[in-house]
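Protein chains get the first letters and strands the later ones, always in sequence-line order, with residue 1 at the start of each.
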Number of protein chains: 2
Amino acid sequence: MGDEHAETVRLLWGPHPRPTRGPRPTLDLDRIAQAGIRIADSDGLSDLSMQRVAAQLGVTKMALYRYVPGKAELIALMVEAAIGPCPTSRTARGGWREQLEDWARQLLTVFRRHPWTLEATIGPRVMGPGELSWMERAVCALDGTGLSGAERMDAAVLLVGHVRCITQQARAAGPAGNPEAQLGAILGDLMQTRGGQFPALTAALASAAQSDGQDQAWEFGLQRILDGLATLMDQRTR
Amino acid sequence: MGDEHAETVRLLWGPHPRPTRGPRPTLDLDRIAQAGIRIADSDGLSDLSMQRVAAQLGVTKMALYRYVPGKAELIALMVEAAIGPCPTSRTARGGWREQLEDWARQLLTVFRRHPWTLEATIGPRVMGPGELSWMERAVCALDGTGLSGAERMDAAVLLVGHVRCITQQARAAGPAGNPEAQLGAILGDLMQTRGGQFPALTAALASAAQSDGQDQAWEFGLQRILDGLATLMDQRTR
DNA sequence: CCTAACTGTGTCCGGTGGACACTGATGCGC
DNA sequence: GCGCATCAGTGTCCACCGGACACAGTTAGG
């Protein structure tokens, strides 16, 4: 039972007993995580190395291994600190749809602020209390809607998937510029040079080029998912 | 205009002129990509190195650089070869909903077969003809539904996001065992030990524990998205 | 036949994550 | 007050990574 994830769980969930003997630690987990977040925010996860994190904190890289077993656990700490707990402001106001919509928008801003969390949360991993609090809030918003527990979880997962997908799409455009336009430009170039073996795609892109909203894909998917949930609830209560 | 992506486009889209002079190349792009896919399929993308790919082909790692400018381009080739073109069987049979559902299921099997494509297609990247053919098929299925070009693209992107999200979730359980059960077990452990500061989540998990279907999250999200699309079309034609 | 083009190899470099032994600071039990 | 177990940070070392570059061997065209 005691696999290698146990240490990660302890790091994310505590406790973190301060030892009484020996010299005072100059660092703590939160400062290390913040330093890593600063690097990943500015230069991306690929430029994150133990050396850089240690240098930012004024220590040697090996000093970090006194706090963290390895790079993977450091990234897990960074993700937990970057995502943080779900803000509880305006809790339980409005119906499930308003609550979920608000929740999804807040989650999107968090992901947008730390785009590297996308690639950091790809594989199987241990979730921290902050991440779980986000799930808690979404499931809670669906209380009393007639959906089963599994369905409430699935709905939350579905929304998270959309948030992640949109965040990734937004990253393709860089910090400035709207994603759809740039994606459309690249695709349009390919269409023009490589001939029209994708007729439906070219037609859709030509029509999409005149579209304006830079968050159109986000709004579209969000409303479609919420519509689908509403349809299910309708079928249940009928 | 001639940025570093130009070489990637040439690699993915051709042409690949065979030189007349000099010794015959012992390798070709397809064999290299297949070797990389074999490694990534069995040991994951993190264990993919130029050395391993070269060893599998019986050459030195530097020989690969005669065909591929770098590791990133090799991975792009692998993704294109692994995803491949969208199968055109049973094309344009049934309504948009049946077509899209079939399309999404086929895409899911492809992603399940090559889970590493998830992390390989995270950042902004150049898409190959195979990937585009999948998009083409989805957009084509939505022809004549009253949706605008941008909306058809957004719908396809929405479905891809769901497929990716489910694939990631499935990876958490390893090759065997159903994802929801294992995820629920980890979460349940945390609930039990860390106390009930997530009441809604614990309740939902307790209810989800009795659920049976191992692809329930997949089916749930898929039907919700399709329901949402149907709702939009209903509003349009009304 | 010769030469230019091209392939695969060997060597080298900076950087990475991590193991390990070590020095020095610290607080508890005596 | 003192000694010693404990723990923090450092320096050194290693295997491995992606990639640059010069080189030898092979091939086809003039």
Side-chain angles (χ1 to χ4, degrees), chain A residues 4 7-8 10-11 15-33 35-36 39-40 43-79 116 119-120 123 125, chain B residues 4 7-8 10-11 15-33 35-36 39-40 43-79 116 119-120 123 125:
Chain A
E4 70 243 16
E7 185 67 9
T8 311
R10 203 192 54 76
L11 278 175
H16 309 293
R18 271 271 301 278
T20 59
R21 308 242 253 204
R24 294 278 175 82
T26 56
L27 307 173
D28 58 283
L29 288 177
D30 197 62
R31 281 191 58 199
I32 296 178
I39 294 174
D43 295 344
L45 204 59
S46 58
D47 277 21
L48 182 88
S49 69
M50 295 286 137
Q51 314 222 43
R52 279 199 67 178
V53 176
Q56 181 132 29
L57 294 166
V59 291
T60 321
K61 70 166 180 174
M62 289 316 291
L64 300 180
Y65 288 92
R66 292 281 168 192
Y67 304 84
V68 164
K71 194 186 185 183
E73 289 80 3
L74 167 63
I75 293 180
L77 277 177
M78 288 168 51
V79 168
W116 48 270
E119 49 204 299
R125 68 191 202 289
Chain B
E4 71 242 17
E7 185 68 10
T8 310
R10 202 192 54 77
L11 279 174
H16 308 294
R18 272 271 302 277
T20 60
R21 307 245 251 205
R24 294 279 175 81
T26 56
L27 307 173
D28 57 283
L29 288 178
D30 199 61
R31 282 190 58 199
I32 296 178
I39 295 174
D43 294 344
L45 204 60
S46 59
D47 276 22
L48 182 89
S49 70
M50 295 285 137
Q51 313 222 46
R52 282 200 64 178
V53 177
Q56 181 130 28
L57 294 167
V59 291
T60 321
K61 68 167 181 175
M62 289 316 291
L64 300 179
Y65 289 92
R66 291 282 169 195
Y67 303 83
V68 162
K71 193 186 184 183
E73 289 80 4
L74 166 62
I75 293 180
L77 277 178
M78 287 168 52
V79 168
W116 49 269
E119 49 203 299
R125 69 191 201 287

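- Considering CZ of A:Arg10 and CD of A:Glu73, their distance stands at 10.5 Å, rounded to 0.5 Å.
- Minimum atom distance to the side chain of A:Pro19 is reached by D:dA8, of the listed D:dG25, C:dG8, D:dA8.
- Between B:Tyr67 and C:dG8 there is a side-chain polar atom (N or O) within less than 4.0 angstrom of OP1 or OP2.
- Counting heavy atoms from C-beta on, the side chains of B:Val68 and B:Leu77 come closer than 4.5 Å.
- Pairs engaging residues 45-59 of chain A under the side chain to side chain donor-acceptor pair (under 3.5 Å) rule: A:Asp43-A:Arg52 [sequence neighbours left out].
- Counting only heavy atoms from C-beta outward, the side chains of A:Leu74 and A:Met50 approach each other to under 4.5 Å.
- The distance from atom CE of A:Met78 to atom CD1 of A:Ile32, rounded to the nearest 0.5 Å, is 11.5 Å.
- In this structure, the CZ atom of A:Arg18 is 13 Å from the P atom of C:dT26, given to the nearest Å.
- The CD-P distance, from B:Glu73 to D:dG18, rounds to 13 Å in whole Å.
- Counting to the nearest Å, the C1' atom of C:dG8 and the CG atom of B:Asp28 are 16 Å from each other.
- Across all their heavy atoms, A:Val53 and A:Ala35 have their closest contact at CG1-CB, 4.3 Å.
- In this structure, CG of B:Leu64 is placed 13 Å from P of C:dT7, rounded to the nearest angstrom.
- Comparing D:dG9, C:dC6, D:dT10 by their closest approach to the side chain of B:Pro23 singles out C:dC6.
- When the C1' atom of C:dA19 is taken as reference, atom CE of A:Met62 falls 7 Å away, rounded to whole Å.
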Expected rows: protein N/O vs nucleotides 27-30 of chain C N/O, under 3.5 Å:
residue : atom : partner : partner atom : Å
C:dC28  : O4'  : A:Arg21 : NH1          : 3.4

List, with names and distances, any nitrogen or oxygen atoms from the protein found under 3.5 Å away from nitrogen or oxygen atoms belonging to nucleotides 14-17 of chain C.
residue : atom : partner : partner atom : Å
C:dT16  : OP1  : A:Ser49 : OG           : 3.4
C:dT16  : OP2  : A:Gln51 : NE2          : 2.9
C:dG17  : OP1  : A:Lys71 : NZ           : 2.9
C:dG17  : OP2  : A:Met50 : N            : 3.1
C:dG17  : N7   : A:Lys61 : NZ           : 3.0

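- The structure places CD1 of B:Ile39 at 5.5 Å from CG of B:Leu48, a figure rounded to the nearest 0.5 Å.
- Minimum heavy-atom separation, A:Leu11 to A:Tyr67: CD2-O, 3.8 Å.
- Going from atom CZ of A:Arg31 over to atom C1' of D:dA8 covers 14 Å, rounded to whole Å.
- The side-chain heavy atoms of B:Thr26 and B:Leu57, taken from C-beta on, include no pair separated by under 4.5 Å.
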